[in-house]
Protein chains: 2
Amino acid sequence: MEHRIEQIKKQLHAQSYKLTPQREATVRVLLEREEDHLSAEDVYLLVKEKSPEIGLATVYRTLELLSELKIVDKINFGDGVSRYDLRKEGAKHFHHHLVCIECGSVEEIVNDLLEDVERIVQNDWGFEVKDHRLTFHGICKQCQQSAVKAN
Amino acid sequence: MEHRIEQIKKQLHAQSYKLTPQREATVRVLLEREEDHLSAEDVYLLVKEKSPEIGLATVYRTLELLSELKIVDKINFGDGVSRYDLRKEGAKHFHHHLVCIECGSVEEIVNDLLEDVERIVQNDWGFEVKDHRLTFHGICKQCQQSAVKAN
DNA sequence: TCTTTTAATTATAATAATTATAAAATAGTA
DNA sequence: TACTATTTTATAATTATTATAATTAAAAGA
C-alpha cells in the first residue's frame, strides 16, 4: 500500500502536482476498496469517515486529476453516475467488466482478451488503439445457479 | 425507411405500446441520422424542427422506451451525456465504436469481433453473455495522416 | 357512434450529478 | 521566514434527467 502511494506521489510530482493530505486520503480509499467501483459520492463518504473536513468538490477534482494521469479509470455502467476504478499496477490497458443484469454485481477481468481484436482494428480500420472499454452484460454464475434451483 | 418504421411499430405493438406521432417523429430522426450518436437534447432539437410542439420529457421517455425494447442502445462516451444509437436491423449485439481522442470523431464497427472473447468469458468465468459494450480510444486514420504532414 | 378506460403528452417542477467561483489556507521554494 | 503558486473550502450555478399533475388522444366496449 505505502509503496503504491509513493508511486502515485511520484507520478503527481512528475507533472508538478502535489500529493496533498486530501488527495492522499482519496487515494487511500481507492486502494482500500480496489475491487469496488465507487462513485464520486461513495468515495466522498468514505474519505469523510477519516478526514471529515474534506469537501465533495475536492474529491471530484482529485478523481478528475487521477483520471487524467491514468491512475484511475472513469467508467459508466449506464446508471447515471461515473465510477472510478484504480488501474492495476503497471497495466497498459483498462481491465474489463462483467456486469450482471440480474443482481447488478460487477466482476473484473484483468487478462487482456483484446490483443487479437486490437490487431484487427489497427490493420483493417487504420485506427491506432490507445485504450479500450469492454463491458459484458449478462448473467453471473451465482444468478445462473439460483435460477436453476428456483425451478 | 418506411419498412423500418413499420417494423418498429410492430415491435412496440407486440409489447402493447403505441407508435404515437411523437414517437414516430423521434424514430424518424434516429433513422435519418443513423450514423450519428445523438444525445437526448440533440434528438429533441431535431424532432422540434418538424414537430415543434414536442416536449423534451417525451423525447427522453421515448428514447428510454426504445432502449428497453433494444431498438436503440444507450451509450456513454464519458462526456456526461447519454447518447442513443439505433441497433442495426436484426443485430443481436451492439456494434462497437472507435473514438478518436484527437478530433472526437466516432466511427462504428458493425462486425462482431468478440465471438472468441465471449466464448472465453462464458467458459472460463461461467458468465452468460447477453450483450456487450466495446469502445476503443485512440487516433483515427485522418488524425494520423495530419500528424505525419505536420512534421 | 358514444362513452369509458387507459395510455401518452405537456408544461412544469424537482432532483441528482457535476462544475465553477471567490476567498482562505497550504505547500514547496527562494 | 516570506513569497508565490496551488489547492481547498464553502457555496452557488449549471446541466442532465426524472417526476408530477393536468390535459389530451387513442383504443375498447356498449
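Throughout, a chain's letter reflects where its sequence line sits, starting with A, and its residues are numbered from 1. FYI, side chains are in, hydrogens and waters are out, and symmetry mates aren't considered; it's all heavy atoms of this structure.
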Undergrad: Is any side-chain N of the basic residue among A:D85 and A:K74 closer than 4.0 Å to the acidic one's carboxylate O?
TA: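 Salt bridge: no.
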
Undergrad: Which ILVMFWY residues are connected to B:V110, directly or by a chain of links, through side-chain heavy atoms under 4.5 Å apart?
TA: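 Its cluster partners, ordered by chain and number, are none at all.
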
Undergrad: With ILVMFWY side chains joined below 4.5 Å, transitively, what does B:I139's cluster contain besides itself?
TA: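 Besides B:I139, the hydrophobic cluster comprises B:I101, listed by chain and residue number.
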
Undergrad: Over all strands shown, is B:S16 touching base, sugar-phosphate only, or nothing at heavy-atom distances under 4.0 angstrom?
TA: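 Nothing: the residue B:S16, judged by heavy atoms under 4.0 Å, touches no strand.
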
Undergrad: Could you pull out all donor-acceptor pairs under 3.5 Å where a side-chain atom in residues 4-17 of chain A meets a protein atom, sequence neighbours excluded?
TA:
| from | atom 1 | to | atom 2 | distance (Å) |
| --- | --- | --- | --- | --- |
| A:R4 | NH1 | A:E34 | OE2 | 2.8 |
| A:R4 | NH2 | A:R87 | O | 3.2 |

Undergrad: Between B:V81 and A:Y17, who's closer to the 5' end of DNA chain D by nearest nucleotide?
TA: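 Going by which nucleotide is closer to the 5' end, it is A:Y17.
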
Undergrad: Passes ring-ring contact (aromatic ring centres under 6.0 Å, His included), B:H95 versus B:H93? Steps please.
TA: CA-CA 6 Å; B:H95 53 258; B:H93 280 304; over 10 Å; no

Undergrad: Treat primed atoms plus P, OP1 and OP2 as sugar-phosphate and everything else as base, then score nucleotides 22-30 of chain C 5' to 3': B for base contact with protein heavy atoms under 4.0 Å, S for sugar-phosphate contact only, - for none.
TA: -----S---

Undergrad: For DNA chain D, note the earliest and the latest nucleotide, 5' to 3', having some atom under 4.0 Å of a heavy atom belonging to chain A.
TA: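 Both ends considered, the range comes out as D:dT6 to D:dT9.
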
Undergrad: For DNA chain D, find the residues of residues 54-75 of chain B with a heavy-atom distance under 4.0 Å and give them by number; none if there aren't any.
TA: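 Heavy-atom contacts with DNA chain D come from B:L56, B:A57, B:Y60.
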
Undergrad: Could you tell me which residues satisfy salt bridge (charged side-chain N to carboxylate O under 4.0 Å, His left out) with B:E107, sequence neighbours excluded, listed by chain and number?
TA: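 Salt bridge (charged side-chain N to carboxylate O under 4.0 Å, His left out) list for B:E107, sorted by chain: empty.
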
Undergrad: So, the side chain of A:N111 versus the backbone of A:L113: is there a donor-acceptor pair under 3.5 Å, distance only?
TA: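 The answer is no, because no donor-acceptor pair under 3.5 Å joins these two groups.
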
Undergrad: Are the aromatic rings of B:H37 and B:F77 close, with centres under 6.0 Å apart?
TA: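 They qualify: ring centres under 6.0 Å apart.
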
Undergrad: Which residues within residues 25-43 of chain B lie with some heavy atom under 4.0 Å of an atom in DNA chain D?
TA: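 Going residue by residue through residues 25-43 of chain B, none turns out to have a heavy atom under 4.0 Å of DNA chain D.
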
Undergrad: Charged N to carboxylate O below 4.0 Å: is that the case for A:E53 and A:K48?
TA: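 Answer for the salt bridge query: no.
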
Undergrad: Pair B:K88, B:E108 - check salt bridge (Lys or Arg N to Asp or Glu O under 4.0 Å), show working.
TA: CA-CA 11 Å; B:K88 300 297 174 225; B:E108 297 193 346; 3.2 Å; yes

Undergrad: Show the atom names and distances, to 0.1 Å, of all donor-acceptor pairs under 3.5 Å that link a side chain in residues 121-129 of chain B to residues at least two apart or in another chain.
TA:
| from | atom 1 | to | atom 2 | distance (Å) |
| --- | --- | --- | --- | --- |
| B:N123 | ND2 | B:R119 | O | 3.4 |
| B:E128 | OE2 | B:K130 | NZ | 3.4 |

Undergrad: Kindly calculate the angle separating the two end axes of the helix from C:dT1-D:dA30 to C:dA30-D:dT1, each obtained from five base pairs, and round it to 10 degrees.
TA: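 Nearest ten degrees gives 30° for this helix.
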
Undergrad: Look only at the side chain of B:D112 and the backbone of B:L114, and say whether a donor-acceptor pair between them is shorter than 3.5 Å.
TA: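 Pair found, side chain donor or acceptor close to backbone of B:L114.
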
Undergrad: In terms of the nearest nucleotide of DNA chain D, which residue is placed more toward the 5' end: A:R23 or B:S82?
TA: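 Its nearest nucleotide lies further toward 5', so the answer is A:R23.
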
Undergrad: Just jot down the side-chain contact (heavy atoms from CB on, under 4.5 Å) partners of B:T58, sequence neighbours excluded, or say none.
TA: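 side-chain contact (heavy atoms from CB on, under 4.5 Å) check on B:T58 returns B:Q22, B:I54, B:R61, B:T62.
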
Undergrad: List in chain and number order the residues that pass side-chain contact (heavy atoms from CB on, under 4.5 Å) with B:S39, two or more places apart in sequence or in another chain; answer none if no residue qualifies.
TA: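 Expected list: B:E41, B:D42, B:V81, B:R83.
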
Undergrad: Within the distance-only criterion (no hydrogens, no angle test), does the side chain of A:R23 pair as donor or acceptor with the backbone N or O of A:K18 below 3.5 angstrom?
TA: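 Checked: pair present.
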
